[in-house]
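Structure first, commentary second.
Letters A, B, ... mirror the listed sequences (proteins, then strands); counts begin at 1. Both backbone and side-chain heavy atoms feed into the values below; hydrogens, waters and symmetry mates do not.
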Number of protein chains: 2
Amino acid sequence: MNIHDIAKLSGYSAATVSRVINCRKYVSDNAKLAVQKVIKEYDYVPNDVARDLSKGKTHNIGVVMPHTKHPYYTGIINGIMDAAFPAGYRIVLLPSMYNADVEMNYLNRLRRKAYDAIIFTSHGISLEDLVNYQTYGSIVCCHDPGNYKISAAYTERIDSYLAAFKWAKEQNVHDVSILLSRDFTLSATSQLTRKAFSDVFGHAPSNDLLRTGIVTYEDGYASARSLHENNQTPDMIFSNGDDIAAGARQFYLDNNLPVPMLIGQENQLSGQLLNLPTIDHNFHEIGRLAFELAISDETKQVSVESKFILRNQKDCSDS
Amino acid sequence: MNIHDIAKLSGYSAATVSRVINCRKYVSDNAKLAVQKVIKEYDYVPNDVARDLSKGKTHNIGVVMPHTKHPYYTGIINGIMDAAFPAGYRIVLLPSMYNADVEMNYLNRLRRKAYDAIIFTSHGISLEDLVNYQTYGSIVCCHDPGNYKISAAYTERIDSYLAAFKWAKEQNVHDVSILLSRDFTLSATSQLTRKAFSDVFGHAPSNDLLRTGIVTYEDGYASARSLHENNQTPDMIFSNGDDIAAGARQFYLDNNLPVPMLIGQENQLSGQLLNLPTIDHNFHEIGRLAFELAISDETKQVSVESKFILRNQKDCSDS
DNA sequence: TTAATTTCTGGAACGCGTTTCAGGTCAAGT
DNA sequence: ACTTGACCTGAAACGCGTTCCAGAAATTAA
């Protein structure tokens with residue numbers, strides 16, 4: 001049962017049926033009634049894929065995310081969804097695991113018109129590739145693209161990082177362990193972290209106290225163990241997530257070791273429960289903005305500020 | 001640039017080009033080479049929407065979720081994704097807010113072939129509606145459908161609920177507050193909670209100690225306040241999420257009130273941090289199973305056991 | 001050397017809705 | 001009475017890839 005069947009049954013043409021369905025002008029009352037009757041009688045609904053093909057638009061936005069565990073991504077996703085839903089767009093989850101082939105595959109699906117636009121919450125392939133693929137559709141990334149001409153919604157992190165490290169310095173810490181999601185060489189965010197640290201402390205962060213590939217509570221726990229096993233005793237751990245900080249803390253507690261000071265990120269519930277200083281990167285807002293950019297024709301960059309949050313300082317080391 | 005253009009340029013027909021693209025048999029080496037050359041030269045990629053239309057399949061699975069904040073949904077989503085990705089399916093997020101019109105709209109989009117199947121992590125419309133819409137595509141729900149003929153992947157909760165309440169009884173608690181996501185009348189899960197409670201305690205849970213519509217940490221906090229303001233002093237709070245329990249706990253701490261015993265659910269990080277007894281509903285596995293059902297032709301029900309988890313009991317009331 | 005396969009290939013139909021365009025009607029304006 | 005413009009309508013083209021079927025050519029089997 002398709003639009004042509006309805007046309008035949010109602011005695012009108014497919015064009016008229018299409019007009020009725022889409023509430024277009026230039027349809028007589030007679031035609032409208034006749035068509036609606038048949039549609040109702042046969043319980044007809046139009047095929048969305050055919051419509052998408054015809055219109056050249058799917059109302060689907062692909063959202064590429066390296067993994068799903070990290071709240072960074074769920075935060076952005078929520079922001080995107082909250083903006084996409086009222087606008088009549090759907091979001092398609094595209095897990096990438098930072099795999100270049102997989103990401104390329106998604107870009108090609110953009111070319112193939114499977115999505116109207118694609119948002120990279122993060123990406124393993126080069127920014128240059130992303131920029132080049134813009135010929136085939138709207139692409140948005142979620143970090144500062146520097147001089148590259150590409151739409152981006154991201155958090156301006158430097159001030160909050162500086163604030164965090166300044167506060168750290170005021171606490172008279174000397175050995176700061178930094179836990180990162182990705183290595184300095186791979187991630188602009190990681191580079192920024194290093195820069196902020198260096199600016200405040202006057203020297204680069206120690207490699208002995210650095211751990212990368214850290215994403216979850218469990219990773220945080222393992223990092224602390226690794227530090228301990230390498231006889232490193234940082235007096236502060238700066239991590240890229242409250243959950244991660246919580247994991248590290250747990251390792252020390254479990255082993256009756258003194259817990260270093262902790263700074264988290266993402267303003268997660270764990271941080272709230274443990275009263276950790278944290279950095280809120282406003283991911284929900286980033287998601288909203290990314291969506292707006294995705295469906296707009298302009299190529300532009302928008303950013304929001306992140307905030308270093310010092311909670312009322314109770315003791316953080318108790319269980 | 002479409003397949004017909006490629007056909008013309010290569011001197012072969014669209015049918016042959018299609019065969020080359022899809023690596024079908026019955027193509028001569030000459031034809032293959034010629035077509036591939038033109039495809040490469042013009043950097044042609046086929047249109048996915050046209051292909052979907054032609055094949056009558058989108059490889060998209062719609063996943064309806066009432067809201068995005070609750071880890072119940074993110075857990076299932078992760079399970080679905082982990083299964084869908086290797087199978088070449090994508091998942092489309094469909095927020096519903098338990099709104100019947102919205103959910104109906106998604107069901108209609110299934111009819112309209114926008115999705116190959118649809119998974120309801122939860123639903124506001126009647127199970128009967130869901131059952132009826134199966135004519136139009138594969139539908140999976142995530143709770144025990146009773147006698148209704150519909151595919152379902154869900155957690156068998158009764159044993160863990162019983163175990164939890166039995167443990168509670170052993171702790172000699174008398175006034176158990178129950179915090180639920182949805183009212184008994186609306187939710188089978190809520191009914192089960194009540195049944196388990198009644199079975200163990202020999203009487204129905206107190207309405208004065210019941211709160212519904214509770215989903216987040218903040219809701220948990222508000223519930224505790226509400227209980228307090230109504231002069232209710234439960235000696236245990238049974239909540240539908242560790243985060244929620246954590247929220248309730250925080251209210252008591254903030255007001256220097258004794259913290260009742262707590263039982264959480266979902267085995268969340270907050271529960272881990274606070275050493276809460278919890279119930280793990282195995283949502284990741286539910287997601288996996290739901291996906292398998294979604295792409296299979298059979299209509300069947302599968303369930304997994306949930307587990308009551310009693311952690312090593314440290315004191316839960318400190319900060 | 002036939003008969004029977006298997007391999008190639010392309011025209012045309014199919015999946016299905018949208019849109020353009022041309023042709024026609026009818027009421028309002030001059 | 002004549003022009004103008006708004007209103008209706010449908011055939012056909014368009015978006016684009018897949019597949020069935022028929023016919024031709026090349027092998028293989030007998």
Side-chain angles (χ1 to χ4, degrees), chain A residues 1-39 42-60 88 108-116 136-137, chain B residues 1-39 42-60 88 108-116 136-137:
Chain A
M1 179 65 51
N2 62 33
I3 200 169
H4 298 285
D5 298 326
I6 300 296
K8 236 170 268 167
L9 288 163
S10 65
Y12 286 86
S13 72
T16 299
V17 176
S18 177
R19 288 191 196 99
V20 171
I21 291 172
N22 295 293
C23 304
R24 282 287 204 329
K25 270 174 56 171
Y26 304 136
V27 181
S28 67
D29 289 350
N30 279 346
K32 195 192 284 186
L33 254 54
V35 169
Q36 284 175 335
K37 184 163 171 289
V38 177
I39 287 179
Y42 289 85
D43 198 20
Y44 163 77
V45 287
N47 180 306
D48 271 349
V49 182
R51 181 179 280 181
D52 287 347
L53 172 61
S54 190
K55 295 234 184 195
K57 219 176 169 215
T58 63
H59 289 273
N60 282 339
N108 278 312
R109 292 185 57 79
L110 178 67
R111 288 186 65 181
R112 291 147 162 270
K113 307 287 179 199
Y115 316 117
D116 291 353
Y136 309 118
Chain B
M1 179 65 53
N2 62 35
I3 201 168
H4 298 286
D5 297 327
I6 300 296
K8 237 171 266 167
L9 288 162
S10 65
Y12 287 86
S13 70
T16 299
V17 176
S18 177
R19 286 190 198 100
V20 171
I21 291 172
N22 295 293
C23 303
R24 283 286 204 331
K25 270 174 55 173
Y26 304 136
V27 182
S28 68
D29 289 351
N30 279 346
K32 194 191 284 185
L33 255 53
V35 169
Q36 284 175 335
K37 183 163 173 289
V38 177
I39 287 179
Y42 289 85
D43 198 21
Y44 162 78
V45 288
N47 180 305
D48 271 349
V49 182
R51 181 178 282 181
D52 286 348
L53 173 61
S54 190
K55 296 233 185 196
K57 216 170 172 220
T58 63
H59 289 273
N60 283 339
N108 278 312
R109 292 185 58 77
L110 178 67
R111 288 186 66 181
R112 292 146 162 271
K113 308 286 178 199
Y115 316 117
D116 291 354
Y136 308 118

Just how far, in rounded Å, is [atom2] of [N] from [atom1] of [X]?
X: Ile3(A); N: dT19(C); atom1: CD1; atom2: C1'; result: 11 Å
X: Lys25(B); N: dT7(C); atom1: NZ; atom2: P; result: 5 Å
X: Asp48(B); N: dC16(D); atom1: CG; atom2: C1'; result: 11 Å
X: Ile21(A); N: dC16(C); atom1: CD1; atom2: P; result: 13 Å
X: Tyr26(B); N: dT27(D); atom1: OH; atom2: C1'; result: 13 Å
X: Lys113(B); N: dC16(C); atom1: NZ; atom2: P; result: 8 Å
X: Arg51(A); N: dC14(D); atom1: CZ; atom2: C1'; result: 17 Å

Counting only side-chain heavy atoms from C-beta out, which of [options] sits nearest to [X]?
X: Ala31(B); options: dT7(C), dG17(C), dT9(C); value: dT9(C)
X: Ser54(B); options: dT18(D), dT18(C), dT19(D); value: dT18(D)
X: Asn2(B); options: dC16(D), dG15(C), dG10(D); value: dC16(D)
X: Val27(A); options: dT9(C), dC16(D), dT9(D); value: dT9(D)
X: Ser13(A); options: dG10(D), dC7(D), dC16(D); value: dG10(D)
X: Arg19(B); options: dG10(D), dT18(C), dT9(C); value: dT9(C)
X: Ala14(B); options: dT20(C), dT18(D), dT19(C); value: dT18(D)
X: Lys55(B); options: dG10(C), dG17(D), dT19(D); value: dT19(D)

Just wondering, do Lys113(B) and Asp48(A) contact through their side chains at under 4.5 Å, heavy atoms?
no

Compare all side-chain heavy atoms of Thr16(A) with those of Ser13(A) and state whether any distance is below 4.5 angstrom.
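A side-chain contact under 4.5 Å exists here.
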
Describe the nucleic acid contact of Arg112(B) in one word from base, sugar-phosphate, nothing, applying a heavy-atom distance below 4.0 Å.
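The residue Arg112(B) makes no contact with any strand.
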
Hey, does Val17(A) reach any base, or is it just sugar-phosphate, or nothing, if we go heavy atoms under 4.0 Å?
nothing

The reported gap from CE in Met1(A) to CD1 in Ile39(A) (rounded to nearest 0.5 angstrom) is 11.0 Å

A quick test of your reading: do over 12 heavy atoms of other residues, nucleotides or ligands sit less than 6.0 Å from CG of Asp29(B)?
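Incorrect, the count does not exceed 12.
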
Name the residue closer to the 5' end of DNA chain D, choosing between Asn22(B) and Leu53(B) according to the nucleotide with the nearest heavy atom.
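Upstream on the strand: Leu53(B).
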
